[in-house]
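Worksheet for the structure shown next.
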Amino acid sequence: MPPANRAVAVAPGSGLVASPYVAFPMRLRARMAETGLVHIMATQSPLSAILVQEAGFDGLWASGFELSALDGLADMSLISMTQHLDMLRAIAGCVTLPIVADTDTGYGNAINVIHAVREYERAGASAIVIEDKTFPKVTSLAVGGRQELLRVEEFQGKIAAAVATRRDPDFLVIARTEAPIAGFGEAKALRRAQAYVEAGADMILIHSKNGAPFEIENFSRAWVGSVPVVIVPNAYPDLEAERVKALGNIHMVIYGNYGIRAGATCMQQTFRRIIADGGVQNAHKEILPVEEIFRLQKMHEVRVAEARFLR
Ligand code: SPV
Ligand code: MG
């Protein structure tokens, strides 16, 4: 059963009428079927997740890169599953959007994957992404990064373990191939993707660090597999939604590092401005007022509780 805090009432007219409450994994699948393409934004904290939800995205990417960066660490399997799960649970408690969990390599072999799927499903995730690199991984977009792929059979075992472990059949198991990141061509990426579908993957995430979108577009055109594709257009931002939709088989776009980059951009500019100005006299006019932070913190609920219970 999904955790109680990850079930919501069905919106009138949503077409989901089987039960007054619909589990999050089913909502993610339904949204994909309804729109053809879901937009998933990266988060690393409950605050960023609230902002993603208010902006109107379809779901959240519990990003390993973003949490690593938030902790001042490289994205190289340095944060633990426990740290990532703590973030995910905190997010799940604050928002009603489905969460796609970035579990890197699944924290080890198929046995680690079994443990991870149990924990992530229990924590309230709707989908899990596992990538076909060796543990410990090296972040994908770094120039000259040491990228090693797992044997296909071993990764198939990890995907099969994830599928066999999930309790909710709507919980998505997404196999991510880093073949292009590791410098392999399209044929190898397609072969790996097909092998992962045979192991039971619900979707294939194809990742690329090529600045031009053709690597992804060519993969999508050549992909005749039975499951849809997920992309992360961090390195090739020009591939926008209409072009993605025209390809036909990409049903999920994950904006993989935009949350932390946006936050860091604003903090960097503001902190430099304060030093340059010798005070906050200008900076305070350019950033959100503290009342907006109070709203995001739900201070009004605290006020109501104070009035009711503090005696
Ligand atoms: C992440 O956001 O953690 C990702 C995407 O996995 S990337 O950093 O581009 O590999
Ligand atoms: Mg990641």
Side-chain angles (χ1 to χ4, degrees), residues 38-45 48-49 52 57 59-81 83-88 91 97 99-108 112-113 116 120 125 127-150 155 158 162 172-184 189 203-213 215-216 219 229-239 244 250 252-265:
V38 288
H39 299 269
I40 308 293
M41 177 51 80
T43 56
Q44 69 317 109
S45 61
S48 63
V52 169
F57 286 90
L60 303 156
W61 171 236
S63 163
F65 177 87
E66 294 219 350
L67 183 59
S68 303
L70 191 71
D71 285 354
L73 293 170
D75 180 24
M76 296 179 69
S77 303
L78 299 178
I79 56 164
S80 68
M81 183 173 93
Q83 286 173 290
H84 193 256
L85 273 168
D86 283 347
M87 169 189 79
L88 194 141
I91 289 173
L97 286 180
I99 304 171
V100 179
D102 173 12
T103 66
D104 291 348
T105 62
Y107 304 100
N112 299 79
V113 167
Y120 278 89
I128 196 169
V129 174
I130 313 170
E131 62 196 55
D132 60 356
K133 291 204 298 222
T134 53
F135 177 89
K137 60 165 262 183
V138 173
T139 195
S140 301
L141 301 185
V143 176
R146 179 184 49 79
Q147 302 293 348
E148 292 169 0
L149 299 190
L150 218 56
F155 193 68
K158 290 169 76 166
L172 289 168
V173 174
I174 303 176
R176 163 169 166 173
T177 182
E178 296 270 298
I181 296 285
F184 295 114
M203 298 182 85
I204 294 294
L205 191 159
I206 177 81
H207 204 19
S208 166
K209 60 182 172 194
N210 198 312
E215 194 167 49
I216 292 298
F219 178 92
V229 175
V230 182
I231 61 168
V232 187
N234 290 354
Y236 49 94
D238 293 337
L239 191 60
V244 173
I250 299 173
M252 184 184 290
V253 181
I254 296 173
Y255 302 102
N257 57 28
Y258 284 83
I260 197 79
R261 285 170 61 201
T265 302

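In each ligand, atom 1 is the first atom listed, and ligand 1 is the first ligand listed. Because the structure is a prediction, the values reported are computed rather than measured.
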*For atom 9 (O) of ligand 1, grab the closest protein heavy atom and report residue, atom and distance to one decimal in Å.*
Asn234 ND2, 2.8 Å

_Just so I know, are the side chains of Thr177 and Phe155 near enough to count as touching, which here means a heavy-atom distance under 4.5 Å?_
no

_Test item, His207 contacting ligand 1 (heavy atom, 4.0 angstrom)_ = yes

*If you leave out waters, which protein N, O or S atoms are less than 2.8 Å from the Mg ion (ligand 2)?*
Asp102 OD2

*Is Asp75 in polar range of ligand 1, meaning some N or O pair under 3.5 Å apart?*
no

*State whether the side chain of Gln147 and the backbone N or O of Thr139 hold a donor-acceptor pair below 3.5 Å, judged by distance alone.*
yes

*Report yes or no: does Glu215 contribute a side-chain atom to a donor-acceptor pair with the main-chain N or O of Pro180 at less than 3.5 Å?*
no

*Between Lys209 (side chain) and Asn234 (backbone), is there a donor-acceptor pair under 3.5 Å?*
no

*Distance in Å, Asn257 CG paired with Phe65 CZ, rounded so as to fall on 0.5 Å steps*: 5.5 Å

*Okay, side chain of Glu148, backbone of Thr134: is any donor-acceptor separation there less than 3.5 Å?*
no

*Got an N/O contact under 3.5 Å between Asn257 and ligand 1?*
no

_If we check side-chain contact (heavy atoms from CB on, under 4.5 Å) with Leu205, which of these qualifies: Glu131, Glu178, Arg176?_
Arg176

*Evaluate the criterion salt bridge (charged side-chain N to carboxylate O under 4.0 Å, His left out) for residue pair Lys133 and Asp104; output intermediate values, then yes/no.*
CA-CA 8 Å; Lys133 291 204 298 222; Asp104 291 348; over 6 Å; no

*Do side-chain atoms of Asp75 reach the backbone of Ser68 as a donor and acceptor pair under 3.5 angstrom?*
no

*Does ligand 1 have an atom that lies less than 4.0 angstrom from a heavy atom of Ala42?*
no

*asked:* Looking only at distances, can you tell me whether any N or O atom of Val232, backbone or side chain, sits closer than 3.5 Å to an N or O atom of ligand 1?
replied: no

_Element-labelled atoms of ligand 1 that are located less than 4.0 Å from some non-hydrogen atom of Ser140_ = 10 (O)

*For atom 8 (O) of ligand 1, grab the closest protein heavy atom and report residue, atom and distance to one decimal in Å.*
Phe65 CB, 3.6 Å

_Please determine whether any non-hydrogen atom of Arg176 lies less than 4.0 Å from an atom of ligand 1._
yes

*So which heavy atom in the protein is nearest atom 2 (O) of ligand 1, and how far is it from that ligand atom?*
Ser63 OG, 2.7 Å

*Quick one: does Leu141 get a heavy atom under 4.0 Å from ligand 1?*
yes

*Per-atom contacts of ligand 1 with Gly64, taking only distances under 4.0 Å to non-hydrogen atoms*: 3 (O)

_ligand 1 contact by Thr139, heavy-atom criterion under 4.0 angstrom_ = no

*Looking only at heavy atoms, what is the nearest atom pair of Asp102 and His84, with distance?*
O-CE1, 3.2 Å

*Evaluate the criterion side-chain contact (heavy atoms from CB on, under 4.5 Å) for residue pair Leu141 and His207; output intermediate values, then yes/no.*
CA-CA 10 Å; Leu141 301 185; His207 204 19; 4.1 Å; yes

*Any side-chain heavy-atom pair from Met87 and Leu70 closer than 4.5 angstrom?*
no

